[in-house]
Amino acid sequence: MKVVVIGGVAGGPSFATRLRRLDETAEIVLIEQGAHISYASCALPYYLGGVVPELDSLIERTPAGLKEKNNIEVRVFHQLTQIDPAKKILTIKNLQTEEMYEESYDTLVLATGTRAVLPPIKGIDTAKNVFTLRNVTDAAEIMAYMNTHLPRHVAILGAGVAGLEIAENLKQRGITVTIIDQAATVALPYDSEIAEIIQDELETNGIKLIMKQTVKEVSEAGRKITLANGRELAIDLLIVAAGVKMNNEIAQAAGVKLATDGHILVDQKLRTNVSDIYAIGDVIETTSLINGLPIPSMLSSAANRQGHLLADILHGADLTYPGYIGVGVAKIFGLTASYAGYTENMLQRVGITNYKTIFITPFDHAYFYPDAKRLNLKIIFEEETGKILGGQAVGERGVDKRIGELSVAITGKLTVHDLPALELPYSPPYSTTRDPLNTAGYVAINQLSKIAETIKASEIPAEDLKTAFFLDIREPDKPKSGSIEATKNIPLSELRERMAEIPRDRKVYLTFRKGLNTYNAARILAGKGIEAIMIEEN
């Protein structure tokens, strides 16, 4: 059997090395158009920041190493230009010599991933100080430019997680950094509750943000950018961290079916519609493990697992790909942000509305143990069943642990009803006696059982905004929170004694941020015959 793999970053090498461990007789050829294979692309911003001092340390495998240890032939600087599926012949171009040649295959695996694209901005494609960061070569070129030109002001186009990681690392080099994005909030797809905390952390650390704005022109040899509103910024370097395109053109020309957004369609065996052609990694659309809907698979960790699985399948194992959850984590200065599954932003894009959310702010470890900090945790779940659709968190510690545990719960088809029963490790330096995930389960169950009613601030009826009573139960030393102006502030500690001040002929809303105190206030009021509604900020 001769297997040709196109793409050598994540899924391709994972597949090839696993197949070799299963089958010593297979002929395996890996084609990569870039200069390197099997590198940690997610670590490239940390090389720019000097956290990772040597770029070569990010390269896990080399072509020579794969040949020597795994008997896999690797050809870098080689580009696939055509697939003839009827004859099972590939046309390959050697990018160094311009030579064209043909390569046969029995099985073809497409792990072609995505490539960065420059937005259609006047002057951006001719400026010498505009870069993208997708691979080792990009990182080397940016570093060489910085070492030569010593930029003092860098603009980053794109406030997604990749752009934020680049911004942090350049800021730590002493560079002034401005991020520009047309979105209203940073760190999409995180929801606003999480994004606002991330934005505060960025601004606290000196990152300049220009949101809800686009760049109209790059001029003066890349030294000036003009925004759509006419504002001009002098810069020394522009890094584009927004916009990718699937490397799908050759596959499409060969008859491989694509989704409407360009991802290659595969089944649960990772097969395309064309016989003996498979696909893995960023280039594919698969199905969501959570609800079975189509979803792109856009993380290197998923690509690696898909590669390993596909090798087992091709070796005869009766396995299928169970689907994609989507789990990410990012360091933003002193904070960690992480998500698993759907965010509200994602659900709204696919038209799902039958869900509820909870947002809690428990301590990350026992409150009496030194340096306890708040963990901001949001869980999204199906309204009828309590099925967990996703979750996200941000804080200083314990964030990745909780979201990792939530991902396991999603994989195991648990619901919010199961979260209180999770037996999670406790010791004062690491957690609370009821872990934040346990607490999230209790709060979600309360909401489903109508013990504590909540409403989004944007969904409060207009008439209620005029006539309802909005109660703020924060203590005097707590800052105001939320977008709704309170009718009266009665601290929770005084609520029972001041019950007569709360009207019984008007709707009552609780305006203070969601959490245990607000819930306690709702239960106190309920015990006195007043059904208060807790406001959830959007």
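Computed from a predicted structure; not experimentally measured.
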message: Assess the residue pair T286 and I295 against the criterion (side-chain contact (heavy atoms from CB on, under 4.5 Å)); give the C-alpha distance rounded to whole Å, side-chain angles, the decisive distance to 0.1 Å, and a yes or no.
response: CA-CA 5 Å; T286 180; I295 191 170; 4.2 Å; yes
query: What's the verdict on side-chain contact (heavy atoms from CB on, under 4.5 Å) for L58 and V136, showing C-alpha distance, side-chain angles and the deciding distance?
result: CA-CA 8 Å; L58 303 182; V136 172; 5.6 Å; no
message: Please evaluate residues T112 and I250 with respect to the criterion side-chain contact (heavy atoms from CB on, under 4.5 Å), reporting the C-alpha separation (whole Å), side-chain torsions for both, the decisive distance (0.1 Å), and the verdict.
response: CA-CA 10 Å; T112 49; I250 307 302; over 6 Å; no
- prompt: Given the rule in the side-chain hydrogen bond (donor to acceptor under 3.5 Å, both in side chains) test, do S431 and R402 qualify, once you have shown the distances and angles that lead to the verdict?
  reply: CA-CA 10 Å; S431 187; R402 271 63 185 227; 3.1 Å; yes
field: Derivation of the side-chain contact (heavy atoms from CB on, under 4.5 Å) call for L258 and M246
entry: CA-CA 10 Å; L258 306 180; M246 274 61 68; over 6 Å; no
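V394 is not listed as a side-chain neighbour of V399, based on a closest heavy-atom distance of 4.5 Å or more. Residues N376 and F359 meet the side-chain proximity criterion, which asks for heavy atoms closer than 4.5 Å. Contact annotation: the side chain of F131 never approaches that of D138 to less than 4.5 Å [non-hydrogen atoms, C-beta and beyond]. The closest side-chain heavy-atom distance from L48 to L133 is below 4.5 Å. No side-chain heavy atom of K387 sits under 4.5 Å from any side-chain heavy atom of F381. Between I175 and M146 the shortest side-chain heavy-atom distance falls below 4.5 Å. At least one side-chain heavy atom of L377 sits under 4.5 Å from a side-chain heavy atom of I403. At least one side-chain heavy atom of K378 sits less than 4.5 Å from a side-chain heavy atom of E344.
For Y430, the OH atom is loosely surrounded, since the number of other residues' heavy atoms within 6.0 Å does not exceed 12. The local environment of NZ in K67 is crowded, with over 12 non-hydrogen atoms from other residues, nucleotides or ligands closer than 6.0 Å. At most 12 heavy atoms of other shown residues, nucleotides or ligands fall within 6.0 angstrom of atom CD in Q182. Around the OH atom of Y355, the shell of radius 6.0 Å holds more than 12 heavy atoms that belong to other residues, nucleotides or ligands.
Looking at D261, its side chain does come within 3.5 Å of a backbone N or O of H263 through a donor-acceptor pair. Of the possible polar contacts, none joining the R21 side chain to the N70 backbone as a donor-acceptor pair under 3.5 Å is found. Side chain of R61 to backbone of S38: no donor-acceptor contact under 3.5 angstrom is found. Of the possible donor and acceptor atoms, none in the side chain of H315 sits under 3.5 Å from a partner among the backbone N and O of I313. Counting only distance, with no hydrogens or angles, the side chain of N345 and the backbone of Y190 share a donor-acceptor pair below 3.5 Å. Here the side chain of N438 pairs a donor or acceptor atom with the backbone of D435 at under 3.5 angstrom. A donor-acceptor contact shorter than 3.5 Å links the side chain of D418 to the backbone of T415. A donor-acceptor distance shorter than 3.5 angstrom exists from the side chain of T343 to the backbone of P189, with no hydrogens or angles considered. Between the side chain of S14 and the backbone N or O of A10, no donor-acceptor pair lies under 3.5 Å. No side-chain donor-acceptor contact under 3.5 Å links Y342 to the backbone of Q348.
The two atoms that bring Y47 and P53 nearest to each other are CE1-O, 3.8 Å, heavy atoms only. A337 and I198 get closest at one heavy-atom pair: CB-CD1, 3.8 Å. Here the closest heavy-atom approach between residue G255 and residue N273 is recorded as O-ND2, 3.0 Å. For the residue pair A241 and I166, the shortest heavy atom distance occurs at CB-CD1, 4.3 Å. In plain terms, the two heavy atoms of I6 and L108 that are nearest each other are CG1-CD1, 3.8 Å. Contact record, A366 with Y426: CB-OH, 4.4 Å, taken as the closest heavy-atom pair.
Using a cutoff of 4.0 Å between basic side-chain nitrogens and carboxylate oxygens, K93 and E98 are scored as salt-bridged. Ionic pairing of R18 and D312 is present here: one or more N-O contacts between side-chain nitrogen and carboxylate oxygen are shorter than 4.0 angstrom. A salt bridge does not link E102 with K87: every distance from a Lys NZ or Arg NE/NH1/NH2 to an Asp or Glu carboxylate oxygen is 4.0 Å or more. Between E249 and R115 there is a salt bridge, since at least one side-chain N of the basic residue sits less than 4.0 Å from a carboxylate O of the acidic one.
Test I352, D191, I358, I388 against I380 for side-chain contact (heavy atoms from CB on, under 4.5 Å) and you get one pass: D191. Of the candidates E168, E396, E165, E168 is the only one forming a salt bridge (Lys or Arg N to Asp or Glu O under 4.0 Å) with K331.
For the atom pair CZ (R374) and CD1 (I360), the distance works out to 10.5 Å, reported to the nearest 0.5 Å. The CG atom of D181 sits 11.5 Å away from the CD1 atom of I156 when rounded to the nearest 0.5 Å. Taking CG of L389 as the start and CD1 of I410 as the end, the distance is 8.0 Å to the nearest 0.5 Å.
Classified by interplanar angle (parallel below 30°, tilted 30° to 60°, perpendicular above 60°), the ring pair H149/Y145 is parallel.
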For residues 317-324, dump all side-chain donor-acceptor pairs below 3.5 Å to protein atoms at least two apart in sequence or in another chain.
unit_1, atom_1, unit_2, atom_2, d
D318, OD1, K269, NZ, 3.4
Y321, OH, Q306, NE2, 3.2
Y324, OH, M298, N, 3.4

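Residues N354 and E384 have side chains that bring a donor and an acceptor to within less than 3.5 angstrom of each other.
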